[in-house]
Asks: 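This structure is in structure tokens; I'll ask about it shortly.
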Amino acid sequence: GKYRFFKHPNFVLRTLKALDGSEDSDTIFSILNYPKLKDGKMARHIVLVLPYKASCDAMELLLTKHDVEFINLNGYEVINIAGHDCQKRYNSIDKVKNSIKKYESEGKKTISLTVNKMLTGVTVPQWDTMIYMKGTQSPQEYDQASYRLQSPYVTKQVDKNGKVINKEDLKPQTLLIDFAPNR
């Protein structure tokens with residue numbers, strides 16, 4: 001069970017709190033507490049890319065254990081799609097996608113935790129933000145992951161005859177947050 005814990009949990013927690021806006025930081029912008037981001041209904045469905053499966057399990061535990069300490073992250077449903085223990089809950093891509101779709105229909109935000117799973121060849125239309133916290137094996141791996149955000153997320157309203165009367169782009173912008181400025 002040691003894989004469920006970070007080696008430096010306080011550092012990870014401070015980083016999350018800085019992103020969240022619940023703790024000030026001189027080096028990390030509190031993106032989730034930024035008023036324009038909130039007004040634009042952005043960062044509703046985040047995919048957090050971590051280095052190891054154990055990191056996903058440790059992040060899930062950290063986010064849920066400390067949720068009362070956050071001012072923004074506490075409103076997210078955590079979906080661990082790549083951890084050691086997630087195979088029972090999310091044993092298929094469709095289960096992950098349906099879960100995110102369900103939360104979106106309920107007006108809930110999500111944060112998906114992964115290493116590589118679902119970062120190539122899979123589209124999750126709701127994902128609008130990626131926080132990249134791992135090294136890459138190649139530029140192609142990074143490009144493939146970042147392309148997951150670029151899929152359109154458009155809803156259509158149709159009249160009784162099936163004619164489209166209105167389209168709404170639910171993801172006009174995306175955010176890619178990367179802690180490796182040399183990448």
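Nothing fancy with the numbering, it's 1 onward along the sequence. Values below: all heavy atoms of this structure, side chains included; hydrogens, waters and symmetry mates excluded.
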Asks: Is the count of non-hydrogen atoms from other residues, nucleotides or ligands lying under 6.0 Å from D26 atom CG greater than 12?
Replies: no
Asks: Could you tell me whether the side chain of L48 reaches within less than 4.5 Å of the side chain of L50, counting heavy atoms only?
Replies: yes
Asks: Output, in order, the C-alpha distance, side-chain angles, deciding distance and verdict of side-chain contact (heavy atoms from CB on, under 4.5 Å) for V49 and Y142.
Replies: CA-CA 10 Å; V49 184; Y142 183 76; over 6 Å; no
Asks: Please round to the nearest 0.5 Å and tell me the distance separating atom CD of E69 and atom CD of E23.
Replies: 9.5 Å
Asks: For Y52, is the OH atom crowded, meaning more than 12 foreign heavy atoms sit under 6.0 Å from it?
Replies: no
Asks: Locate the shortest heavy-atom distance separating A82 from C56; write the atom from each residue and the value.
Replies: CB-SG, 4.0 Å
Asks: Do Y34 and F29 make the cut of ring centroids closer than 6.0 angstrom?
Replies: yes
Asks: Just by distance, no angles: are the side chains of D94 and S92 close enough, under 3.5 Å, to form a donor-acceptor pair?
Replies: no
Asks: Got T15 and F179 here, is their nearest side-chain heavy-atom distance under 4.5 Å?
Replies: yes
Asks: In terms of hydrophobic clustering (I, L, V, M, F, W, Y; side-chain heavy atoms under 4.5 Å; direct or indirect links), are M118 and V78 co-clustered?
Replies: no
Asks: Within a 6.0 Å radius of atom CG on N166, are there more than 12 heavy atoms belonging to other residues, nucleotides or ligands?
Replies: yes
Asks: Would you say K117's side chain and I81's backbone share a donor-acceptor pair under 3.5 angstrom?
Replies: yes
Asks: N80 and R89: side-chain contact (heavy atoms from CB on, under 4.5 Å), yes or no, with the steps?
Replies: CA-CA 9 Å; N80 184 349; R89 289 181 282 172; 4.2 Å; yes
Asks: Enumerate the residue pairs fulfilling side chain to side chain donor-acceptor pair (under 3.5 Å) with a member in residues 121-132, sequence neighbours excluded, ordered by first and then second residue.
Replies: S112-W127
Asks: Going hydrophobic residue to hydrophobic residue with side-chain gaps under 4.5 angstrom, can you get from F6 over to I131?
Replies: yes
Asks: Within the structure provided, determine whether Y103 and S99 are in side-chain contact (heavy-atom separation under 4.5 Å).
Replies: yes
Asks: Considering only heavy atoms from C-beta outward, does the side chain of L16 approach that of L62 to under 4.5 Å?
Replies: yes
Asks: A side-chain contact here means heavy atoms from C-beta on lying under 4.5 Å apart; do Q157 and V164 qualify?
Replies: no
Asks: Give the minimum heavy-atom separation between T64 and E60, together with the two atoms involved.
Replies: OG1-O, 2.8 Å
Asks: Taking the side chain as C-beta and beyond, is there a heavy-atom pair between N74 and V68 under 4.5 Å?
Replies: no
Asks: So does P125 get a backbone contact from the side chain of K171, meaning a donor-acceptor N/O pair under 3.5 Å?
Replies: yes
Asks: Can you tell me if D178 uses its side chain to pair, donor with acceptor, with the backbone of A180 under 3.5 Å?
Replies: yes
Asks: Please tell me if the side chains of Y153 and E104 come closer than 4.5 Å, counting only heavy atoms from C-beta onward.
Replies: yes
Asks: Apply side-chain contact (heavy atoms from CB on, under 4.5 Å) to S138 and list each qualifying residue two or more places apart in sequence or on a separate chain.
Replies: Q140, E141
Asks: For residues L32 and V12: do they belong to one hydrophobic cluster (side chain heavy atoms under 4.5 Å, members Ile, Leu, Val, Met, Phe, Trp, Tyr)?
Replies: yes
Asks: Roughly how far, to the nearest 0.5 Å, is CG of L113 from OH of Y90?
Replies: 10.0 Å
Asks: Ion pair present between E77 and K109, side-chain N to carboxylate O less than 4.0 angstrom?
Replies: no
Asks: According to a hydrophobic-cluster definition based on side-chain heavy atoms being under 4.5 Å apart (Ile, Leu, Val, Met, Phe, Trp, Tyr only), do L175 and F70 belong together?
Replies: yes
Asks: Going by heavy atoms in the side chains, are L63 and L73 under 4.5 Å from each other?
Replies: yes
Asks: Pair I28, L19 - check side-chain contact (heavy atoms from CB on, under 4.5 Å), show working.
Replies: CA-CA 7 Å; I28 299 174; L19 287 168; 3.8 Å; yes
Asks: Can you tell me how far apart NZ (K156) and CD1 (I165) are? Round to the nearest 0.5 Å.
Replies: 13.0 Å
Asks: Report the distance from atom NZ of K17 to atom CG of N10, rounding to the nearest 0.5 Å.
Replies: 9.0 Å
Asks: Tell me, with the steps shown, if N116 and K53 meet side-chain hydrogen bond (donor to acceptor under 3.5 Å, both in side chains).
Replies: CA-CA 9 Å; N116 289 324; K53 288 177 140 193; over 6 Å; no
Asks: Output the distance between atom CE (M42) and atom CD1 (I31), rounded to the nearest 0.5 Å.
Replies: 7.5 Å
Asks: Got a sec: does the NZ of K65 have more than 12 other heavy atoms crowding it under 6.0 Å?
Replies: no
Asks: List the steps and the verdict of side-chain contact (heavy atoms from CB on, under 4.5 Å) for V124 and V47.
Replies: CA-CA 10 Å; V124 179; V47 57; over 6 Å; no
Asks: Flag yes if M130 and L37 sit in one hydrophobic cluster, no otherwise; membership is Ile, Leu, Val, Met, Phe, Trp, Tyr, and two members link when side-chain heavy atoms are under 4.5 Å apart.
Replies: no
Asks: Give a yes or no on whether a salt bridge exists between E106 and K102, defined as a side-chain N under 4.0 angstrom from a carboxylate O.
Replies: yes
Asks: Hey, could you give me the OG1/CD1 distance between T110 and I46, rounded to the nearest 0.5 Å?
Replies: 8.0 Å
